[in-house]
Amino acid sequence: MTELERKIKAKIPGPDTGIEVRHTICDICSPGMHCGINAYIKDGKVIKIEGIDGHPSNDGRLCTKGLSNRQYIYREDRVLTPLKRVGKRGEGKFEPITWDEAYAEIAKGLNAAKAKYGAESVAFYSGYSKWYRQMLRRLAYAFGSPNYGCESSACYTAAFMAWKVAAGEQGRPDMANSDLFLGWAFNPFYSSYMKARRAMALKEKGLKFLIVDTRRTPASEKLADLFLQPRTGTDGALAHAIANVLIQNGWIDKPYIDKYVYGFDEYAEYVSQFNESNIEQLTDVPYSQVVEAAKLIHENKRISCNESSAPLCHHRNGLQNYRAVMALTAITGNFDRKGGQLLSPHSYMHVGCGWEAHEHQYLYETRPKNVKDPVGAPRFPLWNYLEGEMQAMDMPRQILEGTPYPLRAVFALGMNARMFPNSGRMFKALESLDFFVDTDLFMTDAAKYADIVLPACSSFERGEFKPYPGGTAWYTSPAIQPLGQAKSDTDIVTELARYMDLPDEQLKEGYESFVQKYILDDLGFTVEQLKKVDLPIPVCKPEPHVDYQELDKGLKTPTGKFELKSAIMENHPEWGLDALPTYKDPLDGADPEKYPFMFTSGSRIPNAIHSRLHGVPANRSLRPVPTADMNNEDCEALGVKDGDRVTISTLRGSVTVNVHPTHTVPEGLVNLYHGYSEADANSLLDENHLDPYSGFPAYRSTRCAVKKEG
Ligand SMILES: Nc1nc2c(c(=O)[nH]1)N[C@H]1C(S)=C(S)[C@@H](COP(=O)(O)OP(=O)(O)OC[C@H]3O[C@@H](n4cnc5c(=O)[nH]c(N)nc54)[C@H](O)[C@@H]3O)O[C@H]1N2
Ligand SMILES: Nc1nc2c(c(=O)[nH]1)N[C@H]1C(S)=C(S)[C@@H](COP(=O)(O)OP(=O)(O)OC[C@H]3O[C@@H](n4cnc5c(=O)[nH]c(N)nc54)[C@H](O)[C@@H]3O)O[C@H]1N2
Ligand SMILES: [Mo]
């Protein structure tokens, strides 16, 4: 082997090897992360990736998901041209067409639905990806439809709504200055490795952790000073019982409550029902541990809690359960206090970076007036009041039932039909549409139902704006050319708006113009400046926090106070929702004799993210077969060993998977990861088992039966 061949094999960059290192981001998980990547490029192809040293998110590291990027962007089922369906819906038969033909077909399909049923009969939907959403929303509005909606109908927004109800805005944990962290459903070791590293570093420095999880996890083993293990979906009862002990013992901040908290007396009376007499029966947590948790809170001054984007809210009582947890920070005087829960100005895409941008204005200024309510509004009035967008969980019902008005066409960026509870029904809904466009990197099961499939490109193939907490920002440039004819989602939206000549000049100016005018102008930075640096740079200096400043100014709640009792809900008795964070049993109505186990799905595994990484060879090899975790004792009683096949059934359906006996789940619980085509956890769930406050599905609490196969 020559020296040059050796260098090429070792992937050493340089003019002689033709290998160049370019910067990009990992867009596989949430905008809260977007880690920096060095992409090693040879002959226009990514041949190696690694984390960027000094990057504010990952400082040189990548997690299992991040490391999959190379195989992810080159997945074999990448869509490379616009496609037109030539077979039956779902069959997967398409022929390539040009972009112009695609735009013409889309304009025709969407306008036909508009002419026949009105603009509101067209929904604009986004899957998990978030970076283009502002423009998709404006596309819906420019078209005249109120029906923009997204995957956040099942993720994060319920927690955000809980904060809006209580405090008017999102409260974030000031973990670095806390004495105790209430890690409620907190296992970043699998969902967010960088957060886990920070938590471990803070533990070293003395931060204490209360970990509350239905399962044993790395967090319960490595972080917990006290670990409580409630039954799935019973967290509201548990938090109330802890609050009751705090109140009974006077371990609360009375002057703070008197000044800044609304509804305390009624709340205190309500939580007194959760006590020694019933808490173990309600939650499986012994009362002695409830008292221990209250003591831990009392002994530590500064207390914060995590923003649970998913598990706490994935129950039909989810939003209320999260309110119950948040209340613990308020009654101990920790909201708007250093080391507690802080408000931070919303800069961009839910990332608080220290400056207040005009994203909200961009999102809402063109919202059509005098149009029908968005999908889901009558069923989920609090959602509609706080979010004003479609609650997508009601979309399949409205497509199939046509009430309160017909929904006949969907324009989607990243539709995963398996995300919906009773996912088979979502496929039926897609099948019944007059017109369906899906835009994705991959030929997914949902895309097979589309009339037109558009090829989206990955973060490696596009440029985008990224701010980070702490006041840095970046505008990336493409590291490689788009694969085939793929385009960035924002270019697709811009070009479609232009092709259809929709009445929104700002939208038609495209993504860079939006970022410049609405996000950067006030900062005094330009897109060009940021692009030139090609790495995150400081763009502002976040103001230091001043205790109680926001409370003194008055929160953006009807009373200006932190509301334990929601004045919004009090003012809307017609919604039939409780103003206090009341607790209700999470389970569905299935007969416990026939369905003796509880089913929870979706707890994160390091090697998968929803539907996307099961198709990446390296990730798939780490867990080749869909596998349910069950307690050792339960497995023994069923007579199954590791790798045996079991069928899990609910009132809705059944899936057959491998079983893994483990002590990490308690007796009576079955835990299965979602997103697999061949064993779809969400095919087991009832489409009506939803939280009436948020519309969120109960992914984590359904009764099931388990049977040994063959
Ligand atoms: N049972 C169960 N179900 C769950 C959950 C659970 O815990 N349990 N979790 C819920 C939660 S929290 C979430 S966030 C949702 C996940 O939400 P989903 O929308 O189901 O997420 P993904 O499957 O990751 O991505 C959706 C699609 O977007 C495509 N995509 C990726 N990047 C891009 C892009 O840049 N442009 C375009 N146009 N498309 C792109 C992907 O290829 C994929 O087909 O699942 C929910 N479903
Ligand atoms: N590897 C990987 N990382 C991901 C994702 C992924 O799919 N894969 N998805 C991303 C997305 S979209 C999201 S929303 C976040 C979610 O991030 P997390 O909220 O961290 O996600 P989970 O692992 O689902 O839940 C955390 C813990 O909550 C516990 N839990 C489940 N139900 C309950 C309950 O009722 N009560 C209590 N107390 N605990 C419960 C679970 O056992 C789990 O250990 O992760 C993100 N990161
Ligand atoms: Mo999520």
Side-chain angles (χ1 to χ4, degrees), residues 27-30 32-33 63-65 72 75 77 125-132 136 150-156 159 183-193 195 211-220 228-235 238 306-315 318 321 325 412-421 423 438-447 454-459 462 488-489 492 586 599-615 664-665 669 671-675 680-682 684-685 696-697 699-701:
D27 181 45
I28 285 181
C29 87
S30 85
M33 290 288 150
C63 71
T64 330
K65 290 167 283 174
Y72 174 73
R75 246 175 71 171
D77 57 345
Y125 175 84
S126 164
Y128 181 89
S129 278
K130 294 163 179 85
W131 77 281
Y132 49 67
L136 181 66
C150 59
E151 139 285 3
S152 302
S153 292
C155 175
Y156 180 71
W184 223 288
F186 182 73
N187 181 30
F189 292 88
Y190 295 167
S191 60
S192 171
Y193 176 67
K195 250 192 225 167
I211 298 292
V212 184
D213 202 302
T214 46
R215 305 175 310 140
R216 287 198 165 271
T217 67
S220 70
L228 306 184
Q229 198 173 6
R231 229 168 34 235
T232 182
T234 63
D235 300 273
L238 180 61
N306 61 311
E307 310 158 73
S308 178
S309 57
L312 285 182
C313 295
H314 283 167
H315 300 282
N321 283 356
V325 172
L413 301 178
M415 164 69 73
N416 171 22
R418 295 195 194 286
M419 198 199 92
F420 292 76
S423 43
D438 195 15
T439 309
D440 207 301
L441 279 76
F442 312 110
M443 180 46 75
T444 64
D445 293 340
L454 301 177
C457 67
S458 70
S459 57
R462 65 184 186 227
S488 84
D489 297 277
I492 294 171
F599 177 74
T600 179
S601 63
S603 287
R604 285 19 180 171
I605 51 177
N607 54 301
I609 187 156
H610 310 304
S611 68
R612 275 177 288 148
L613 299 187
H614 299 310
T664 60
V665 297
L669 186 68
N671 173 59
L672 178 68
Y673 190 72
H674 63 292
D680 180 355
N682 291 344
L684 300 179
L685 304 181
F696 270 38
Y699 292 128
R700 317 264 181 153
S701 40

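All of these numbers come straight from a predicted model, not from anything done at the bench. Counting starts at 1 for both ligands and their atoms, following the listed order.
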Would S308 count as a contact of ligand 2 if the rule is a heavy atom under 4.0 Å away?
no
Counting from 1, what ligand 1 atoms have a heavy atom of G127 closer than 4.0 Å?
19 (O)
Within the structure, is a non-hydrogen atom of S192 found at a distance of less than 4.0 Å from ligand 2?
no
Counting only heavy atoms, which portion of I605 has something under 4.0 Å from ligand 2: side chain, backbone, both, or neither?
backbone
Starting from atom 32 (N) of ligand 1, locate the nearest protein heavy atom and write down its residue, its atom name and how far away it is, to 0.1 Å.
S129 OG, 3.0 Å
Suppose we call two aromatic rings close when their centres sit under 6.0 Å apart. Are H610 and Y128 close by that rule?
yes
Where is the nearest protein heavy atom to atom 45 (O) of ligand 1: which residue, which atom, and how far?
M419 CG, 3.2 Å
Does Y132 reach the main-chain N or O of I492 with its side chain, forming a donor-acceptor pair under 3.5 Å?
no
For T232, the ligand 2 atoms with a heavy-atom partner under 4.0 Å come out as 35 (O)
Are R75 and ligand 1 in contact, using a heavy-atom cut-off of under 4.0 Å?
no
Quick look: R418 vs ligand 1, heavy-atom contacts under 4.0 Å, and the answer is neither
Atoms of ligand 1 under 4.0 Å from any heavy atom of R462, numbered from 1 in the order shown, are 35 (O)
Checking heavy-atom distances from atom 28 (O) of ligand 2 to each of A185, P586, P218, S601, the winner is A185
Sub-3.5 Å donor-acceptor pair from the side chain of N321 to the main-chain atoms of G233, do we have one?
yes
Quick check for you: to the nearest 0.5 Å, what is the distance between F599 atom CZ and R700 atom CZ?
10.5 Å
Within a distance under 4.0 Å of any heavy atom of C155, pick out the atoms of ligand 2 and give their elements.
14 (S)
Would you say the side chain of L613 lies within less than 4.5 Å of the side chain of T64, judging by non-hydrogen atoms?
no
Counting each atom of ligand 2 from 1 as listed, which ones have a heavy atom of A310 under 4.0 Å away?
14 (S)
Have a look at ligand 2 and work out which part of S191, if any, has a heavy atom under 4.0 Å from it: side chain, backbone, both or neither.
both
Report the relative orientation of the aromatic rings in F696 and H314; use parallel for angles under 30°, tilted for 30 to 60°, perpendicular for over 60°.
tilted
Interatomic spacing from CG in L672 to OH in Y699 - rounded to 0.5 Å:
13.5 Å
Please list the nearest protein heavy atom to atom 14 (S) of ligand 2 with its residue and the distance rounded to 0.1 Å.
S309 OG, 3.1 Å
Hey, is ligand 2 close enough to R700 that some N/O pair sits below 3.5 Å?
yes
For atom 13 (C) of ligand 1, what's the nearest protein heavy-atom neighbour? Residue, atom name and distance, please.
H610 CE1, 3.5 Å
Out of D440, L672, N416, who is nearest to atom 43 (C) of ligand 1 when you count heavy atoms only?
D440
So which of D489, D438, I28, D77 gets nearest to atom 38 (N) of ligand 1, if we judge by its closest heavy atom?
D489
At under 4.0 Å between heavy atoms, what of Y128 touches ligand 2? The answer is side chain
Which of the ligand 1 atoms, numbered from 1, are nearer than 4.0 Å to a heavy atom of F442:
42 (O)
Mind checking whether G233 has an N or O less than 3.5 Å away from an N or O of ligand 2?
yes
Among K195, H674, R604, R612, closest by heavy atom to atom 15 (C) of ligand 2 is R604
Measuring from non-hydrogen atoms of H315 to any atom of ligand 2, is the shortest distance under 4.0 Å?
yes
Answer yes or no: are there more than 12 heavy-atom neighbours, outside Y193 itself, under 6.0 Å from its atom OH?
no
Using atom types as modelled and distance alone, determine if a side-chain donor or acceptor of Q229 lies under 3.5 Å from a backbone N or O of T214.
yes
Does any N or O in the side chain of S601 come within less than 3.5 Å of the main-chain N or O of Y673, such that one atom is a donor and the other an acceptor?
no
List ligand 1 atoms under 4.0 Å from A456, heavy atoms only on the residue side.
36 (N), 37 (C), 38 (N)
Do D489 and R462 pass the side chain to side chain contact (heavy atoms under 4.5 Å, CB included) test, and can you show the C-alpha distance, the side-chain angles, and the key distance before you say yes or no?
CA-CA 9 Å; D489 297 277; R462 65 184 186 227; 4.2 Å; yes
Should the proximity of Y673 to ligand 2, defined as any heavy atom under 4.0 Å, be assigned to the side chain, the backbone, both, or neither?
side chain
K65 side chain to S192 main-chain N or O, any donor-acceptor pair under 3.5 Å?
no
Report yes or no: does a heavy atom of Y72 sit under 4.0 Å from some atom of ligand 1?
yes
Assess P188 for proximity to ligand 2: is some non-hydrogen atom of it under 4.0 Å away?
no
Heavy-atom proximity to atom 33 (C) of ligand 2 ranks first, among N187, V212, T214, for T214
Counting from 1 in the order shown, the ligand 1 atoms closer than 4.0 Å to a non-hydrogen atom of T444 are 44 (O)
Identify the closest protein heavy atom to atom 34 (C) of ligand 2: which residue and atom is it, and at what distance?
D235 OD2, 3.5 Å
Under 4.0 Å to a heavy atom of Y190 - the qualifying atoms of ligand 2, by number:
1 (N), 2 (C), 3 (N)
Give the residue and atom name of whichever protein heavy atom lies nearest to atom 25 (O) of ligand 2, and the separation in Å to one decimal.
P311 CG, 3.2 Å
Any N/O pair A608/ligand 2 closer than 3.5 Å:
yes
If you take the nearest heavy atom of each of D27, N682, L685, which one is closest to atom 1 (N) of ligand 1?
N682
Enumerated ligand 1 atoms positioned under 4.0 Å from heavy atoms of S611:
22 (P), 23 (O), 43 (C)
Heavy atom of the protein closest to atom 26 (C) of ligand 1 (residue, atom name, distance)
G414 O, 3.6 Å
The criterion is ring-ring contact (aromatic ring centres under 6.0 Å, His included); which residues satisfy it with Y190, sequence neighbours excluded?
none
Aromatic rings F442 and Y72: how do their planes relate, parallel, tilted or perpendicular, breaks at 30° and 60°?
perpendicular
What protein heavy atom sits nearest atom 27 (C) of ligand 2, and how far away is it?
D213 OD2, 3.2 Å
Short version for A219: what comes under 4.0 Å of ligand 2, heavy atoms counted, is neither
Output all residues satisfying ring-ring contact (aromatic ring centres under 6.0 Å, His included) with Y156, sequence neighbours left out; order by chain, then residue number.
F160, H350
Nearest non-hydrogen contact with atom 4 (C) of ligand 2 belongs to which option: R231, M33, K65?
K65
Pair S701-H315, side-chain donor/acceptor within less than 3.5 Å:
yes
Consider every N or O of R215 and every N or O of ligand 2, then say whether any pair is closer than 3.5 Å.
yes
Quick look: T217 vs ligand 2, heavy-atom contacts under 4.0 Å, and the answer is side chain
Under 4.0 angstrom from ligand 2, any heavy atom of C29?
no
Which atoms of ligand 1 sit under 4.0 Å from any heavy atom of G602?
6 (C), 7 (O), 8 (N)
Between P606 and ligand 2, which part of the residue brings a heavy atom under 4.0 Å of the ligand: side chain, backbone, both or neither?
backbone
